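This structure is a prediction, so every number in the text was calculated from the model and none was measured.
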Amino acid sequence: MRFLVITNAPTLERKDQQFAYAPYVNEMDIWFKYADDPIIVSPTNYDQELLLSSFKKQPKVVSIPSLEFANFYNVVRSCLLLPLIVIRLMVEMYKADHIHLRCPGNIGLIGCFVQILFPKKKKTAKYAGNWDPEAKQPKSYRLQKKLLSNTTLTKNMQVLVYGDWKNQTKNIKSFFTATFNDYEIEEPMKRDYTGELKFVFIGSLVKGKRPMLSIEIVEELIKQGQKLHLDLFGDGVLKTELQDYIDKNNLEKYITLHGNQEKEVVKTALKSAHFLILPSKSEGWPKVVAEAMFFGTIPIATKISCVPYMLGYGERGILIEPELEAVTFNVASELKNVKTLQLKAMEGAKWSQHYTLDLFESEIARLVKS
């Protein structure tokens, strides 16, 4: 089977091997298990550092330019390059047995238009962003969602989205992603919520993830007399600013920046943590939320995208608005009810342990083979 992937994610050649962003590679390795001839159409240049990994089954790569619209020069450049990209997509789609779009993104948007010319081809699309119909998003994202869900224009395609949304067309399929295997399922450690509480933040230290708000929430809870410690795992442009804030406010005893850590280190932290805090601005399917619940850690997360669905609308976690005073009051109130917290942890583990890599692979196999 000639399995064609069209994506914004750059594919980079290193020592005669194809590399890409590690979490994306981990997923595509599963798709490629069921493809004899994997092809990727993507940009092949990137001027920033990425956490790279090589594909287990090396794909053939068709290089296309990236599309950027941030300034006048990039708009003109992208418009001039657009015909070349469209032609290459048409050629590769014509030769493909299965077309797989990765959305949202500029290349994904072009793919959404070009795939209309191939109504009989078997197709899937992975929409990794926020599918919430009410979400405020860029016009290009909204256009991709309209094209993918329009069954008159988009034929023979299953669109994988995060969350369970009402009034969707028949080709929209609620999906998920996963980190752990069936063999990693274990009975979560029973936490004591009456002593010192361990909070963790896991993610990039960038404005969109709001790590500073996480620190401020913990700081405010400490001022109110709560005994707790926050460990932040991840790296990013805000690292220096966050460390300066911790030092300036004498929070070294309560808050620790660990930087990027191996999977096993983070996994060990989640096995004993009481709460994950994730007040981010935007998410698709936040894997870290499911990972936390897998080991009985209760997520504290903003009401965005499919997060309310993941947290059972409050039954498996604590849903918050990203406002310091409101969050602090909400969390402080939740901490008073130990039995409710124990129930949330138990329900979260039960839910998350259903969504394993084994189930994920079986679902992907069915999509490719059907």
**Request:** Decide whether Leu101 and Leu367 are clustered together by the hydrophobic rule: side chain heavy atoms of Ile, Leu, Val, Met, Phe, Trp, Tyr closer than 4.5 Å, transitively.
**Result:** no
Output field: ring centroids [X]/[Y] closer than 6.0 Å:
{"X": "His274", "Y": "Tyr193", "answer": "yes"}
{"X": "Tyr309", "Y": "Tyr162", "answer": "no"}
{"X": "His100", "Y": "Phe3", "answer": "yes"}
{"X": "Phe175", "Y": "Phe360", "answer": "yes"}

Could you tell me whether [X] and [Y] have a side-chain N and a carboxylate O separated by less than 4.0 Å?
{"X": "Lys223", "Y": "Glu216", "result": "no"}
{"X": "Asp97", "Y": "Arg2", "result": "no"}
{"X": "Glu27", "Y": "Arg102", "result": "yes"}
{"X": "Lys60", "Y": "Asp37", "result": "yes"}

Within the supplied structure, the quantity of interest is the number of heavy atoms (other residues, nucleotides, ligands) at a distance under 6.0 Å from [X] [atom1]; does it exceed 12?
{"X": "Tyr245", "atom1": "OH", "answer": "yes"}
{"X": "Glu262", "atom1": "CD", "answer": "no"}
{"X": "Asn45", "atom1": "CG", "answer": "no"}

**Message:** Evaluate Lys123 against Gln158 for side chain to side chain donor-acceptor pair (under 3.5 Å), listing each step before the verdict.
**Reply:** CA-CA 7 Å; Lys123 295 171 246 175; Gln158 293 191 70; over 6 Å; no
**Complete:** Residue set satisfying ring-ring contact (aromatic ring centres under 6.0 Å, His included) with Tyr141, at least two apart, ordered chain then number -> none
**Item:** Audit row: Ile202, Asp231, side chain to side chain contact (heavy atoms under 4.5 Å, CB included) steps and yes/no
**Value:** CA-CA 8 Å; Ile202 302 169; Asp231 293 290; over 6 Å; no
**Request:** For residues Cys112 and Leu148, report the shortest heavy-atom separation together with the two atoms involved.
**Result:** SG-CD2, 3.7 Å
**Message:** For a quick test of reading the model, state the closest non-hydrogen atom pair linking Pro10 to Ala20 and the distance between them.
**Reply:** O-CB, 3.6 Å
**Asked** Tell me the side chain to side chain donor-acceptor pair (under 3.5 Å) pairs involving residues 291-305, sequence neighbours left out?
**Response** Asn130-Ser305, Thr179-Glu291, Arg191-Thr297
Rounded to the nearest 0.5 Å, what separates atom [atom1] in [X] from atom [atom2] in [Y]?
{"X": "Gln58", "Y": "Gln18", "atom1": "CD", "atom2": "CD", "answer": "6.0 Å"}
{"X": "Glu219", "Y": "Leu228", "atom1": "CD", "atom2": "CG", "answer": "11.0 Å"}
{"X": "Ile99", "Y": "Tyr94", "atom1": "CD1", "atom2": "OH", "answer": "12.5 Å"}
{"X": "Asp164", "Y": "Lys173", "atom1": "CG", "atom2": "NZ", "answer": "11.5 Å"}

**Asked** With under 30° as parallel and over 60° as perpendicular, where do the rings of Phe295 and Phe180 fit, or are they tilted in between?
**Response** perpendicular
**Prompt:** Once the angle between the rings of Phe32 and Phe55 is folded into 0 to 90°, is it parallel (under 30°), tilted (30 to 60°) or perpendicular (over 60°)?
**Reply:** tilted
**Request:** State, yes or no, whether a side-chain contact exists between Ser272 and Lys198 at a heavy-atom distance under 4.5 Å.
**Result:** yes
**Item:** Option passing side chain to side chain donor-acceptor pair (under 3.5 Å) with Tyr34 (candidates Glu361, Lys369, Arg366)
**Value:** Glu361
